[in-house]
Amino acid sequence: MATTLWPAATITLLLLLLCSSIPNSESQQEYVNNKQLNCHQNDTNSTNGNLCNSVSSCTSYLTFKSSVPDYTTPVSIGYLLNSTAADIASANNITDVQSIAVDTLITVPVTCSCSGPYYQHNASYKIKALGETYFGIANNTYQSLTTCQALMAQNTYGERDLVAGLNIHVPLRCACPTRNQSEAGFKYLLTYLVSRGESISSIAEIFGVDRQSILEANQLSDTSVIFYFTPISVPLKTEPPTNIQRAAAPPDSSPPPPAVAVAGDSNSSKKWVIVGIVVGVVVLLLVCAALFFFCFYRRRLVQPPSPTPVAKAFSGSTTTEVTIPTTQSWSLSSEGVRYAIESLSVYKFEELQKATGFFSEENKIKGSVYRASFKGDYAAVKILKGDVSGEINILKRINHFNIIRLSGFCVHKGDTYLVYEFAENDSLEDWLHSGTKKYENSVSLSWVQRVHIAHDVADALNYLHNYTSPPHVHKNLKSGNVLLDGNFRAKVSNFGLARTVEGEGDDGGFQLTRHVVGTQGYMPPEYIENGLITPKIDVFALGVVLLELLSGREAVGRDKNGSGEQMLSVTVNQVLEGENVREKLRGFMDPNLRDEYPLELAYSMAELAKRCVARDLNSRPQISEVLMTLSKIQSSTLDWDPSDELERSRSVSQISDSR
Ligand SMILES: *[C@@H]1O[C@H](CO)[C@@H](O)[C@H](O)[C@H]1NC(C)=O
Ligand SMILES: *[C@@H]1O[C@H](CO)[C@@H](O)[C@H](O)[C@H]1NC(C)=O
Ligand SMILES: *[C@@H]1O[C@H](CO)[C@@H](O)[C@H](O)[C@H]1NC(C)=O
Ligand SMILES: *[C@@H]1O[C@H](CO)[C@@H](O)[C@H](O)[C@H]1NC(C)=O
Ligand SMILES: *[C@@H]1O[C@H](CO)[C@@H](O)[C@H](O)[C@H]1NC(C)=O
Ligand SMILES: *[C@@H]1O[C@H](CO)[C@@H](O)[C@H](O)[C@H]1NC(C)=O
Ligand SMILES: *[C@@H]1O[C@H](CO)[C@@H](O)[C@H](O)[C@H]1NC(C)=O
């Protein structure tokens with residue numbers, strides 16, 4: 001018995017060992033995801049090629065769209081892609097001298113083999129004219145069958161050395177079926193160019209394969225977004241059809257335009273449109289947009305017109321009292337929308353120059369932030385040095401009414417230009433503090449507006465802490481980073497220091513940093529002293545912002561005697577402790593409110609702020625609790641009638657402090 005068992009066990013063991021020693025044999029290829037647009041950023045697993053993860057050589061197919069003037073025959077295309085005219089002709093059921101109608105998608109059989117870590121099919125290209133760039137060759141000539149990153153990695157010439165007549169090596173993206181795919185019956189992988197109006201489903205239909213297999217082949221999930229003019233791998237069980245019928249491009253009502261361009265050339269003015277994987281996402285987006293405009297339009301009807309951005313100076317006589325709908329109707333944070341907005345526009349530098357009047361002084365908002373006008377729509381353009389992919393990556397995934405929306409970006413000569421939604425009324429700091437007061441002679445923020453702003457900011461933080469995955473901490477909340485739109489709704493901005501935190505709450509997974517950065521007056525003690533990063537950093541900073549809203553004072557102010565510095569987070573304790581709390585609070589409140597505020601609610605807000613700025617982080621409330629308390633204050637504020645206040649204030653001052 002034992003003798004017969006031994007060999008069996010050994011074989012099993014050997015088999016197991018054999019299987020586990022084939023590295024990565026099961027992993028699929030990673031979708032390039034528009035990263036090919038930024039030539040100076042390489043992500044070696046996706047931009048530079050498909051990883052060589054199974055057989056070392058196979059037959060594969062590329063797709064290519066015939067284009068005038070140069071590539072309209074099997075011969076010329078074969079020459080460009082290093083395939084033979086005869087092979088191309090037979091794969092497409094045409095003769096090899098036939099000229100192909102413009103924009104016909106043809107399939108090109110090639111040999112795909114491992115070269116170093118990547119699968120590729122080698123071709124070579126002779127530079128035709130001075131001024132060609134790696135990006136132009138990859139995107140325009142080779143129709144994204146290669147990437148500028150791959151070209152740069154495999155050619156020794158610098159961008160400026162590309163002169164006419166030079167031959168460059170062109171690695172074309174291809175792949176061979178993985179073991180999993182072979183087992184499932186797939187024989188070939190075809191590199192397909194996504195074009196306008198197409199989705200994974202429509203591509204699956206063209207080739208008669210199921211959608212899931214395409215998703216898997218590209219490591220995509222159901223909710224991922226694919227971009228037009230990026231290559232995608234399609235696994236095939238048989239040779240591709242000889243006559244590819246693309247899905248018709250939808251009319252122009254489809255998703256927003258250009259996901260085009262980094263500094264590079266673009267001969268074609270054709271605009272391509274982002275293709276959502278899930279048609280539903282598009283529909284959802286449209287519905288949400290419709291909803292948004294509907295709400296917006298209604299608001300417009302109800303309210304007095306807000307100051308236009310051009311005539312920004314706020315005239316003293318304008319009433320700033322506005323009715324503001326509840327936040328709930330604005331928080332379009334559904335999963336689908338969040339993914340849909342992952343697609344940011346990539347602007348051309350020239351577009352930005354034009355929109356900002358060549359970054360003119362007159363369009364300067366503050367620091368390196370400029371106002372831009374795109375066909376009459378305003379946006380803010382912020383110039384940042386170096387790599388700001390952190391901020392882009394956070395903002396592109398976030399969609400909340402109270403968080404400034406990033407609409408696109410541009411990388412030019414090492415600087416990044418971020419294009420944001422425009423906040424007409426600058427920052428909260430500008431409105432509150434005399435030192436920075438642009439609005440010195442204008443009406444100050446009313447109590448109602450201040451409560452809404454507080455609630456908005458808490459809403460944004462609550463979203464960051466509890467509704468993003470993984471949770472995020474803003475880490476740099478301050479009145480200067482709270483922007484106000486035309487209706488004085490708050491938009492939290494500046495995510496340069498934001499980061500994710502795993503393990504949220506009081507006990508789980510702390511993160512420590514030695515690199516303590518932030519703004520004095522807003523940073524909690526445990527962060528300054530120990531570099532401890534938790535969501536309570538934001539709660540503390542929010543407490544300070546609440547105190548600024550109440551008092552109109554700066555986070556770090558001068559002492560009464562004008563000498564030492566006084567932290568608002570410390571001052572509040574002196575105000576709210578001991579005798580005559582309400583009297584002291586009255587003295588603390590912003591004189592610009594001119595007693596037009598409900599003292600009881602101000603007291604509740606001050607109490608809340610005091611808890612937020614507690615020294616011990618465990619005594620600070622969670623942001624969800626802060627938001628709830630502010631919601632109550634907000635709804636009580638809406639019931640409050642300012643004309644009662646004078647009377648009430650007289651009686652209140654006579655009531656002794658009960659709390
Ligand atoms: C390969 O196939 C197996 C079984 O179908 C599946 O469990 C596994 O997740 C697949 N591997 C990859 C990388 O898709
Ligand atoms: C690239 O792939 C390898 C192997 O699959 C993996 O170990 C590595 O973490 C990946 N790198 C990136 C940046 O994704
Ligand atoms: C190829 O084209 C010819 C005529 O151009 C047609 O008769 C034939 O059916 C086509 N074959 C396939 C497989 O489409
Ligand atoms: C493709 O080109 C690379 C880089 O020049 C080279 O290492 C590789 O051997 C080539 N592959 C084939 C099949 O010629
Ligand atoms: C063309 O492809 C073949 C393999 O099919 C390869 O051996 C050859 O080196 C390639 N030619 C160029 C110029 O890269
Ligand atoms: C990726 O980029 C870095 C810096 O830009 C460069 O040093 C590195 O060689 C690149 N890697 C590849 C594989 O191209
Ligand atoms: C990439 O190529 C396509 C097709 O030629 C073109 O429409 C698009 O504008 C190009 N992108 C850039 C940035 O040039």
Side-chain angles (χ1 to χ4, degrees), residues 402 454-479 481-482 492 495 497-551 555-556 565-578 581 585 588 601-634 659:
N402 299 118
H455 186 269
D456 282 348
V457 176
D459 204 345
L461 293 180
N462 184 47
Y463 173 81
L464 285 177
H465 293 185
N466 298 319
Y467 293 93
T468 58
S469 171
H472 288 81
V473 184
H474 183 281
K475 270 188 73 207
N476 196 14
L477 182 71
K478 55 180 173 178
S479 54
N481 285 340
V482 174
V492 174
F495 281 69
L497 297 181
R499 56 185 290 173
T500 58
V501 277
E502 306 290 344
E504 203 209 340
D506 304 327
D507 36 50
F510 295 140
Q511 288 181 27
L512 295 173
T513 179
R514 279 169 198 278
H515 186 56
V516 173
V517 281
T519 308
Q520 210 207 347
Y522 294 92
M523 291 183 288
E526 80 278 1
Y527 178 61
I528 298 173
E529 287 157 20
N530 303 317
L532 184 61
I533 298 172
T534 70
K536 294 291 176 69
I537 290 184
D538 290 346
V539 173
F540 185 96
L542 175 60
V544 178
V545 172
L546 294 182
L547 293 171
E548 290 180 78
L549 283 165
L550 290 169
S551 69
V556 183
E565 283 180 337
Q566 186 73 19
M567 300 272 207
L568 212 45
S569 56
V570 175
T571 314
V572 66
N573 294 313
Q574 295 156 10
V575 174
L576 295 181
E577 273 159 23
V581 169
L585 179 61
F588 178 71
L601 295 179
Y603 178 78
S604 306
M605 203 199 269
E607 272 291 329
L608 176 69
K610 182 185 158 206
R611 289 176 58 213
C612 289
V613 298
R615 256 199 87 79
D616 173 17
L617 83 163
N618 294 316
S619 311
R620 289 176 218 148
Q622 298 277 1
I623 191 67
S624 50
E625 191 192 330
V626 179
L627 179 62
M628 208 148 64
T629 309
L630 285 171
S631 296
K632 285 182 197 153
I633 295 176
Q634 176 169 266
R659 280 206 243 182

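Index from 1, following the sequence.
Side-chain contact between Gln574 and Phe588: absent, with no pair of heavy atoms (C-beta onward) separated by less than 4.5 Å. The closest side-chain heavy-atom distance from Thr629 to Val626 is not below 4.5 Å. Using a 4.5 Å heavy-atom threshold, the side chains of His455 and Leu627 count as touching. For the pair Lys478 and Val544, the minimum side-chain heavy-atom distance is 4.5 Å or more. When side chains are defined from C-beta on, Asn466 counts as touching Ser624, because their heavy atoms get closer than 4.5 Å. Using a 4.5 Å cut-off on side-chain heavy atoms (C-beta onward), Ile537 and Met523 make no contact. In this structure, the side chains of Asn462 and Tyr467 come closer than 4.5 Å at one or more pairs of heavy atoms. Between Thr534 and Val473 the shortest side-chain heavy-atom distance does not fall below 4.5 Å.
Between Met605 and Leu550 the shortest heavy-atom distance is SD-CD2, 3.8 Å. Here the closest heavy-atom approach between residue Pro535 and residue Val501 is recorded as CG-CG2, 4.3 Å. In this structure, Ala614 and Ser619 approach most closely via the heavy-atom pair CB-CB, 3.9 Å. Of all non-hydrogen atoms in Leu497 and Lys475, the two that sit nearest each other are O-CD, 3.7 Å. The minimum heavy-atom distance between Phe540 and Tyr522, with the atom names listed, is CD2-O, 3.3 Å. Contact between Ala609 and Gly543 at its shortest, heavy atoms only, is CB-O, 3.7 Å.
Side chain of His465 to main chain of Tyr463: no donor-acceptor pair is present (N/O by atom type, distance under 3.5 Å, no hydrogens or angles). Panel note: side chain Asp456, backbone Asn402; no donor-acceptor pair is recorded below 3.5 Å. Under the 3.5 Å distance criterion, the side-chain polar atoms of Asp616 are matched with a main-chain donor or acceptor of Asn618. For the pair Tyr527 (side chain) and Val517 (backbone), a donor-acceptor distance under 3.5 Å is present. Here the side chain of Asn481 pairs a donor or acceptor atom with the backbone of Asn476 at under 3.5 angstrom. In terms of modelled atom types and a separation under 3.5 Å, the side chain of Arg620 and the main chain of Arg615 share a donor-acceptor contact.
Here the straight-line distance linking atom NZ of Lys536 with atom CD of Glu526 works out to 9.0 Å at 0.5 Å rounding. How far CG of Leu630 is from CG of Leu601: 11.0 Å, rounded to the nearest 0.5 Å. A distance of 8.5 Å separates CG of Leu547 from OG1 of Thr571, quoted to the nearest 0.5 Å.
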Worked verdict on Ile623 versus Asp538 for side-chain contact (heavy atoms from CB on, under 4.5 Å): CA-CA 8 Å; Ile623 191 67; Asp538 290 346; over 6 Å; no

Intermediate values then yes/no, side-chain contact (heavy atoms from CB on, under 4.5 Å), Asn573 and Lys610: CA-CA 7 Å; Asn573 294 313; Lys610 182 185 158 206; 3.4 Å; yes

